*Asks:* 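Questions regarding the structure given below will be posed in turn.
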There are 2 protein chains.
Amino acid sequence: MKDVAAAAGVSLKTVSRVVNGEANVNETLRTAVLESIAELGFRPNAGARGLRQGRSGTVGLLLEDVADPFYSILSRAVEEVAREHGTMVFAGSSAEDPARERELALAFCERRVDGLIVVPAGASHSYLLPEMRAGIPVVFVDRPPGDIEADMVLTDNTGGTRRGVDHLLAHGHRRIGFIGDAPEIYTAGERLRGYREALESAGIDFSDELVTQAPPNPESTAAALDRLLAGPSPATALLCGNSRTTVSVLRELARREASLALVGFDDLELGDLLQPGLTVVAQDPAAMGAAAARLLFQRITGGPPGDAAGDASGPTQTITIGTRLIARGSGEIPPP
Amino acid sequence: MKDVAAAAGVSLKTVSRVVNGEANVNETLRTAVLESIAELGFRPNAGARGLRQGRSGTVGLLLEDVADPFYSILSRAVEEVAREHGTMVFAGSSAEDPARERELALAFCERRVDGLIVVPAGASHSYLLPEMRAGIPVVFVDRPPGDIEADMVLTDNTGGTRRGVDHLLAHGHRRIGFIGDAPEIYTAGERLRGYREALESAGIDFSDELVTQAPPNPESTAAALDRLLAGPSPATALLCGNSRTTVSVLRELARREASLALVGFDDLELGDLLQPGLTVVAQDPAAMGAAAARLLFQRITGGPPGDAAGDASGPTQTITIGTRLIARGSGEIPPP
DNA sequence: CTGAAAGCGCTAACAG
DNA sequence: CTGTTAGCGCTTTCAG
């Protein structure tokens, strides 16, 4: 920039003004500066600007895995909102490892991101408190933070499974199984709750042998299926608590050449091409990402408390995103 | 950092030494500094450090769409390699828009990324020349750059389709259709070439009416299918040039309750669960991302020309990643 | 082993 | 409308 100033025969500040599109610059000088910029291939250093302005024009996005379709769609939605704010996004995968989550989050903070969107992997997030007090707003997505208060964007998990069970009930099922994730996981607990509530509303007793809570790997899922289909009155329908479980169940059913009514939680890309088509309770990762990003930028650009345009320090907000039941066949199979 | 120094009663430089783990610091002072750091919740400002050192510890990754499974897997692989180098990655989606690609690439450069990995959307990349000359290494992935020379990581597209056609030939097909993407797209051209070569090697005449080059949307694909299946000697097998086309074909075949031997280029998540299972020529996006990232860091950390550990200014390299044929059923359907 | 001074590239605050 | 000065937070250089 010094060079540009010299080449154009003006001061540093004038170049700065031109670069930042400030008014009050003589047209002649402006064109001279622009010419020098083009000639020298000058590109302003955003890092240096950030140092001065206290804003980096970046946000951090911490997911379990950027390669997982759910998160990659969420990610794209965050990117689009960030783009509207001239902001770039750092994305990182925690790989469900709390230590790695923390390491990444703090690395983002060292880069002085203007804000952080986090899908929690760990159960404790107090390590973020100093950063939050230092002015970095944090929004949690998909799951609440462990031991702090902050903005959140969640799926209506309970409502989702309730809807799924209601659907199976409406198709005549009374023995409905549920295979959910490990109970430590927030979403797993909420989804199980919806399952129980739906049964209760229908006046059907909750039965332990119809429910399994286990990690969504093929082995646990196969074992869970065994349990469900054994005994004198086996399940005639099944609700899967997450998409990986759904995939494991589908593979296992294909292997056994067995079939039962099936509703998955969270959609799968090619669900419509399976036979029968896969009925799901669909989440909306794009809406979650967009909501989280909007909330974050509201905090980042937020005015004083009570400001109409957004409040940087107001009380924490929780946004709940609804689910949608998509009937494609598998959930409409009648009981035998 | 100033505050830490004051609190610990030492100079700025000593704190800097401790933070950077330099040797030659008195143990007593070191612990005093570490205590102050913990007390004040101090976190070094990576941007300021970068300003001084001329390195930001970031790289930019420019894809068509971070939400596309192919790219999100590639993305994760880049992230893992970057992690080994203590580097964070900015990811951005060009949405196949050359203007947006350029805008993003230059925004990354303003953030002074240490390097850039680009999946080209546009046909011209000379706009990157000044940045490359200024010392930002760029690696292109999946497609070559438009009008400059640079490192690249490509799929063996030609070999891939050759393999797919050979597979169908081996299963007795002689009328093999090909639906590929628009010919302007590099990969589309390469894949078509492989198709032709395979037919030629088998001594089968290339027939225009068996080939369609069109965007992979449902309408064009349906029209292409019409052409292939019409006439006196319709295609008995089909090779799809990309995964979106494959999905469109599968939907269209399901709608028509038609069937023919099918091999897709690029794998689909649930390909094994379809009926029949989907036979594909699989690319390896993770290997592509990892190779690109390794190449990039070789340039970033590269020594002088000829250096064994990597050469920052050596001649451009092209890495070709092979494909793998995965037979699952659809590609083994015999001709009627 | 430690510290003081200079400066990375830029902009805020204040002159002219 | 334009320029000067100071300093963002850190590291490099060189002197103790």
Side-chain angles (χ1 to χ4, degrees), chain A residues 1-34 36-37 40-58 86 106-114 130-131 134-136, chain B residues 1-34 36-37 40-58 86 106-114 130-131 134-136:
Chain A
M1 176 145 154
K2 212 171 44 184
D3 302 339
V4 175
V10 299
S11 79
L12 263 181
K13 181 65 216 181
T14 303
V15 178
S16 171
R17 285 204 176 93
V18 172
V19 167
N20 291 288
E22 285 174 39
N24 297 339
V25 183
N26 183 303
E27 246 342 283
T28 323
L29 290 189
R30 148 168 276 115
T31 41
V33 168
L34 288 175
S36 305
I37 287 179
L40 299 178
F42 167 77
R43 196 155 298 289
N45 183 326
R49 169 193 275 137
L51 193 56
R52 201 64 247 261
Q53 303 191 330
R55 245 193 213 184
S56 64
T58 65
L106 295 180
F108 287 153
C109 290
E110 291 196 357
R111 259 90 183 172
R112 293 297 185 272
V113 291
D114 298 332
E131 318 297 331
I136 300 186
Chain B
M1 178 144 152
K2 208 170 47 184
D3 303 339
V4 175
V10 298
S11 79
L12 261 182
K13 179 63 217 183
T14 303
V15 178
S16 172
R17 286 206 175 90
V18 172
V19 167
N20 290 289
E22 285 173 37
N24 298 340
V25 182
N26 183 303
E27 246 340 286
T28 324
L29 289 190
R30 149 168 274 115
T31 42
V33 168
L34 288 175
S36 304
I37 286 178
L40 299 178
F42 167 77
R43 195 155 296 292
N45 184 325
R49 170 192 275 136
L51 193 54
R52 203 61 247 262
Q53 302 192 142
R55 243 193 215 184
S56 64
T58 64
L106 295 180
F108 287 153
C109 291
E110 291 196 358
R111 260 87 182 174
R112 293 298 186 268
V113 291
D114 299 332
E131 319 298 331
I136 301 185

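Heavy-atom basis, side chains included; hydrogens, waters and symmetry copies ignored. Quantities reported herein were computed from a predicted structural model and do not represent experimental measurements. Below, read A as the first sequence line, B as the second, and so on, with proteins coming before strands; counting in each chain starts at 1.
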*Asks:* Report the nucleotide, chosen from dC10(D), dA4(C), dG9(C), that has the shortest atom-to-atom distance to any side-chain atom of Ser11(B).
*Replies:* dA4(C)

*Asks:* Using whole Å, report how far CE of Met1(A) lies from P of dG3(D).
*Replies:* 12 Å

*Asks:* For Lys13(A) and dA13(C), give me the distance from atom NZ to atom C1', rounded to whole Å.
*Replies:* 9 Å

*Asks:* So which one's nearest nucleotide on DNA chain C is more toward 5', Arg112(B) or Leu29(B)?
*Replies:* Leu29(B)

*Asks:* Can you check whether any acceptor in the base of dG3(D) is under 3.5 Å from a donor in the side chain of Arg17(A), or vice versa?
*Replies:* yes

*Asks:* OP1 or OP2 of dC1(C) versus the side-chain N and O atoms of Thr14(B): is any pair under 4.0 Å?
*Replies:* no

*Asks:* Would you call Met1(B) and Ser16(B) a side-chain contact if the rule is heavy atoms closer than 4.5 Å?
*Replies:* yes

*Asks:* Just call it for Val25(B): base, sugar-phosphate, or nothing, with non-hydrogen atoms closer than 4.0 Å on any strand.
*Replies:* sugar-phosphate

*Asks:* Does a side-chain heavy-atom distance below 4.5 Å link Phe42(A) with Val19(A)?
*Replies:* yes

*Asks:* Which is it for Leu51(B) and Asn45(A) under the side chain to side chain contact (heavy atoms under 4.5 Å, CB included) test, yes or no, and what are the steps along the way?
*Replies:* CA-CA 9 Å; Leu51(B) 193 54; Asn45(A) 183 326; 4.0 Å; yes

*Asks:* Round to the nearest Å and state the distance from Arg111(A) atom CZ to dG9(D) atom P.
*Replies:* 18 Å

*Asks:* Which part of the nucleic acid does Val10(A) contact within heavy-atom distance under 4.0 Å: base, sugar-phosphate only, or nothing?
*Replies:* sugar-phosphate

*Asks:* Please state how far atom NZ in Lys2(B) lies from atom C1' in dA5(C), giving the value in whole angstrom units.
*Replies:* 15 Å

*Asks:* What integer distance in Å separates Arg55(A):CZ from dT11(C):C1'?
*Replies:* 15 Å

*Asks:* Just verifying a value: how many Å separate Thr31(A) OG1 and Ile37(A) CD1, rounded to the nearest 0.5 Å?
*Replies:* 11.5 Å

*Asks:* Is any side-chain N or O of Gln53(A) closer than 4.0 Å to OP1 or OP2 of dA12(C)?
*Replies:* yes

*Asks:* If you only use heavy atoms from C-beta on, which nucleotide in dC10(C), dC10(D), dG9(C) is closest to the side chain of Leu51(A)?
*Replies:* dG9(C)

*Asks:* Respond yes when some side-chain nitrogen or oxygen of Asn45(A) is under 4.0 Å from OP1 or OP2 of dG9(C), and no when none is.
*Replies:* no

*Asks:* Without decimals, in angstroms, what is the distance between Asp3(B) CG and dG9(D) C1'?
*Replies:* 11 Å

*Asks:* In whole angstrom, give the distance that lies between atom CG of Asn24(B) and atom P of dG3(C).
*Replies:* 14 Å

*Asks:* Give the intermediate values and the outcome of side chain to side chain contact (heavy atoms under 4.5 Å, CB included) for residues Arg112(A) and Thr58(A).
*Replies:* CA-CA 8 Å; Arg112(A) 293 297 185 272; Thr58(A) 65; over 6 Å; no

*Asks:* Record whether the side chain of Arg52(A) comes under 3.5 Å of the base of dG9(D) through a donor-acceptor pair of N or O atoms.
*Replies:* no

*Asks:* What's the CG-P distance between Asn20(A) and dA13(C), to the nearest Å?
*Replies:* 14 Å

